[in-house]
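In what follows, a structure is listed as C-alpha cells, so that the remarks can point back to it.
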Amino acid sequence: MAGAGDEAVKLLGMWASPFVLRVQLALRLKGVSYEYVEEDLKNKSELLLKSNPVHNRVPVLIHGGKPVCESSVILQYIDEAFAGVGPPLLPADPHDRAVARFWAAYIEDTLLKASSQASRGKTEEEKAEGKKQAAAAVVTLEGALRECSKGKAFFGGDSPGYVDIVLGGLLPWALAGDRLTGATTFDPATTPLLAAWADSFGGLEAVEAVMPDVGKLVEFAMAMYARAAAEAAGKTD
C-alpha cells in the first residue's frame with residue numbers, strides 16, 4: 001500500500017462505528033497505508049481528546065501530525081491529499097461530483113436518520129414510521145444507483161467511489177439489522193440493483209479486509225438495547 005511521502009497516517013476509531021468503517025474503506029480502496037488505533041470510548045485517550053476537542057469522537061484521521069475530523073470531511077480530504085494514489089473517490093466532472101455529494105448527503109440525512117428512528121424510536125408508532133421512511137429511502141437509492149452507475153456495478157461506475165463508501169459503511173449494520181428483524185434491507189425482489197451492489201461491494205478484497213463481523217455487531221446491538229431498556233426501566237421506578 002502506498003503513502004504520501006514520509007507523512008504517517010493514523011486513524012483513531014472504534015470497531016463497530018460505521019463512520020470509522022467509511023474511512024477505513026476509503027484508505028483501503030485508495031491503497032493508502034495507515035495505522036489503526038482502537039479507542040475505548042468510555043475512557044477516551046488524550047490523543048483523541050486533543051485531536052477532536054469539539055466533539056471528542058471518532059473517526060479522526062491524523063496525517064503528518066494534523067488531525068481531520070468527521071467522516072464525510074475525512075473522505076474528501078483523503079481523495080485530495082492522496083490524489084496521486086489509487087483511484088479517485090469523487091468524479092472529475094463538476095456536475096458528477098455534485099451529484100455524488102448529493103446522494104451521500106441523502107444517505108446521511110434521510111436513510112441513516114430513518115434507520116435510527118426505526119431502531120431507537122420511543123414508541124412503536126415512531127419505530128414503524130422510521131421503518132417506512134427507511135424503506136422508501138432505499139427505493140430512492142435504487143433509482144440513484146441506476147442513474148449514477150450508468151449500467152456498471154457501483155455508484156462510482158466500474159470502481160467504487162464516494163457514494164459507495166458512504167453507503168458501504170452502513171452495510172454491516174444493515175446486515176445485522178436484517179438478522180435481528182428478519183427483514184431484508186436490500187431485497188432482490190424490490191431493489192435488485194442494490195442487492196447486486198451489496199454483493200459486489202462486500203466481496204471486494206479491500207472491503208472484506210476491514211468489514212466487522214456481523215455476528216459481533218448483532219451481539220453489540222443486543223447489549224445496547226438491553227442497556228437502554230434497563231435505563232428506561234430505572235427511570236420509571
Side-chain angles (χ1 to χ4, degrees), residues 9-29 32 34-49 51-52 54-62 67-75 78 104 107-121 127 130-131 134 137-138 160 163-186 198-199 201-232:
V9 179
K10 182 178 293 187
L11 173 61
L12 309 184
M14 184 270 182
W15 73 271
S17 167
F19 307 105
V20 171
L21 178 57
R22 287 175 181 173
V23 179
Q24 289 187 287
L25 290 169
L27 291 167
R28 288 277 179 171
L29 289 167
V32 177
Y34 67 100
E35 176 190 356
Y36 177 76
V37 179
E38 179 74 10
E39 283 284 339
D40 178 359
L41 299 186
K42 294 181 180 178
N43 185 26
K44 297 174 182 177
S45 71
E46 285 300 316
L47 180 59
L48 173 58
L49 298 176
S51 301
N52 190 356
V54 176
H55 297 301
N56 300 152
R57 65 190 181 197
V58 295
V60 175
L61 184 79
I62 302 174
V68 184
C69 306
E70 298 297 316
S71 64
S72 60
V73 176
I74 295 171
L75 296 187
I78 289 170
I107 292 166
E108 195 86 358
D109 298 335
T110 303
L111 176 61
L112 189 55
K113 287 182 180 179
S115 300
S116 179
Q117 181 177 327
S119 62
R120 301 179 185 178
K127 291 180 180 179
K131 290 177 183 178
V138 170
V163 182
D164 298 281
I165 290 169
V166 171
L167 185 58
L170 303 179
L171 185 56
W173 272 108
L175 296 173
D178 290 350
R179 286 195 192 179
L180 285 166
T181 63
T184 304
T185 301
F186 302 129
D199 289 339
F201 186 81
L204 294 171
E205 183 178 348
V207 173
E208 289 182 331
V210 292
M211 281 290 189
D213 181 75
V214 174
K216 284 182 64 179
L217 287 178
V218 170
E219 294 175 5
F220 183 80
M222 292 178 68
M224 283 197 306
Y225 294 148
R227 283 197 300 271
E231 289 174 3

Over 12 foreign heavy atoms within 6.0 Å of NZ, K10: no

Out of curiosity, D164 CG to L29 CG, how far, rounded to the nearest 0.5 Å? 8.5 Å

Where do L217 and P212 come nearest, in terms of heavy atoms and distance? CD1-CG, 3.9 Å

Quick one, L111 and L167 - any side-chain contact, counting heavy atoms below 4.5 Å? yes

Counting only heavy atoms not in E208 (residues, nucleotides, ligands), do more than 12 fall under 6.0 Å from its CD? yes

Might you confirm whether atom CE of M224 has over 12 heavy atoms from other residues, nucleotides or ligands at distances under 6.0 Å? yes

For a quick test of reading the model, state the closest non-hydrogen atom pair linking L21 to G168 and the distance between them. CD2-O, 4.1 Å

Is the side chain of T110 donor-acceptor paired with the backbone N or O of I107 at a distance under 3.5 Å, no angle test? no

On a heavy-atom basis, which atom in M14 and which in E38 lie closest, and how many Å separate them? CA-OE2, 3.5 Å

In this structure, CG of L48 is separated from CD1 of I62 (nearest 0.5 Å) by 8.5 Å

Applying side chain to side chain contact (heavy atoms under 4.5 Å, CB included), name anything that partners A221, two or more places apart in sequence or on another chain. W173, L180, Y225

Hey, could you give me the CZ/NZ distance between R57 and K44, rounded to the nearest 0.5 Å? 9.0 Å

Between atom OG of S17 and atom CD of E39, what is the distance when rounded to the nearest 0.5 Å? 12.0 Å

Counting only heavy atoms from other residues, nucleotides and ligands, does the tally under 6.0 Å from NZ of K131 exceed 12? no

Do F186 and L171 have side-chain heavy atoms sitting under 4.5 Å apart? yes

Less than 4.5 Å apart, side chain to side chain, heavy atoms only: is that true for L27 and V210? no

dist L170:CG -> S115:OG (nearest 0.5 Å) comes out at 7.5 Å

Keeping the roles fixed (side chain from R22, backbone from I165), state whether a donor-acceptor pair exists under 3.5 Å. no

For D109 and K113, work out which heavy atoms get closest and say how close. O-CD, 3.1 Å

With C69, the side-chain contact (heavy atoms from CB on, under 4.5 Å) member among L12, V60, I74: V60

Minimum heavy-atom separation for Y36 to W15, with atom names? OH-N, 3.5 Å

Given side chains that start at C-beta, do those of I78 and Y34 come closer than 4.5 Å, heavy atoms only? no

Of all heavy-atom pairs linking V20 and P59, the shortest is CG2-CB, 3.8 Å

